Amino acid sequence: MINADFFERNPVLAARELLGAYLVRKIDGKTVRLKIVETEAYGGREDLGSHARRGQTPGNSPMFERAGTIYVYFTYGMHWMLNIVCREKGNPGAILIRGVEGCIGPGRLTKKLGIDKRLNGLRIGKRSGLWIEENPEKNFKIKKTPRIGIAYAGPIWANKKHRFVLE
DNA sequence: ACGATGATGAAC
DNA sequence: TTCATCATCGTA
């Protein structure tokens, strides 16, 4: 199992290394285990594409919690987005899980895995029913691209290659 | 390729 | 109270 320490660092590095690992969801007595194939990294105040860009607010407060905290938010009136918080408490950062094997799209995978606001603010682990397991396989072929849906952040931040996709 | 969708938090 | 949003689906 990948523990919270893994996330206590730069989200860009952690997002890239998270590819290939297994996202595990236990719900209604059933355990689903899916390989992570797409992630995006989000930073703090400096990152104009991040929810933390305007500082701490009630909505984004999980991003300011300890590494390994789950940050789930609702957007476009219909989709839940799953993030894992990075860096130490008070220093915001997060990884958006955008795709798993057989289920591409951040809103689709949360729907499939029954992830919603009930998980917001909890921590990854057996307790919350959401955790990550290592993949002994390494040396994946990884593609870097700009992040999706953040044109408003301006060219500098919108063009940063903070999205990672398993080939 | 494009428009409709439509809850929530945050800004005004 | 108004606005923008870290998408997705259906229709072309």
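Below, chains carry the letters A, B, ... as their sequence lines are ordered, and counting in each starts from 1. Since we're looking at a predicted model, the values are computed, not measured.
In the 5' to 3' direction, nucleotides of DNA chain C lying under 4.0 Å from heavy atoms of chain A begin and end at C:dT5 to C:dC9.
Using modelled atom types, one finds a donor on one side chain and an acceptor on the other under 3.5 Å when comparing A:H51 with A:Y71.
Sequence order on DNA chain B of the closest nucleotides to A:F74 and A:G59 puts A:F74 first from the 5' end.
Nucleic acid contact for A:G49: base, since at least one base atom lies under 4.0 Å from a heavy atom of the residue. Residue A:M78 is in base contact, counting any heavy-atom pair closer than 4.0 Å across all strands shown. Note on A:I150: only backbone sugar-phosphate atoms sit closer than 4.0 angstrom, heavy atoms only; bases stay farther off. A:Y42 comes within 4.0 angstrom of a nucleotide base, judged by non-hydrogen atoms across all strands.
Ion pairing between a basic and an acidic side chain is recognised when a charged N comes within 4.0 Å of a carboxylate O; A:R147 and A:E40 show no such pairing. In this structure, A:E133 pairs ionically with A:R33, as a charged nitrogen and a carboxylate oxygen lie closer than 4.0 Å.
Cation-pi geometry between A:R9 and A:F6 is met: under 6.0 angstrom from the ring centre, within 45 degrees of the axis. A cation-pi arrangement is present between A:K126 and A:W131, with the terminal nitrogen or guanidinium carbon under 6.0 Å from the aromatic centre and inside a 45° cone about the axis.
Partner A:I84 forms a side-chain contact (heavy atoms from CB on, under 4.5 Å) with one of A:I124, A:I2, A:L96 and no other, that one being A:I124.
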Per-residue pairing states of DNA chain B in dot-bracket (Watson-Crick or G-U under 3.5 Å; . unpaired, | other strand) read |||||.|||||.
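Distance alone, capped at 3.5 Å, places no donor-acceptor pair between the A:D28 side chain and the A:K30 backbone.
For the ring-ring contact (aromatic ring centres under 6.0 Å, His included) test, no residue two or more places apart in sequence or in another chain qualifies with A:W157.
The distance from atom NE2 of A:H51 to atom P of B:dT8 is 15 Å, rounded to the nearest whole Å.
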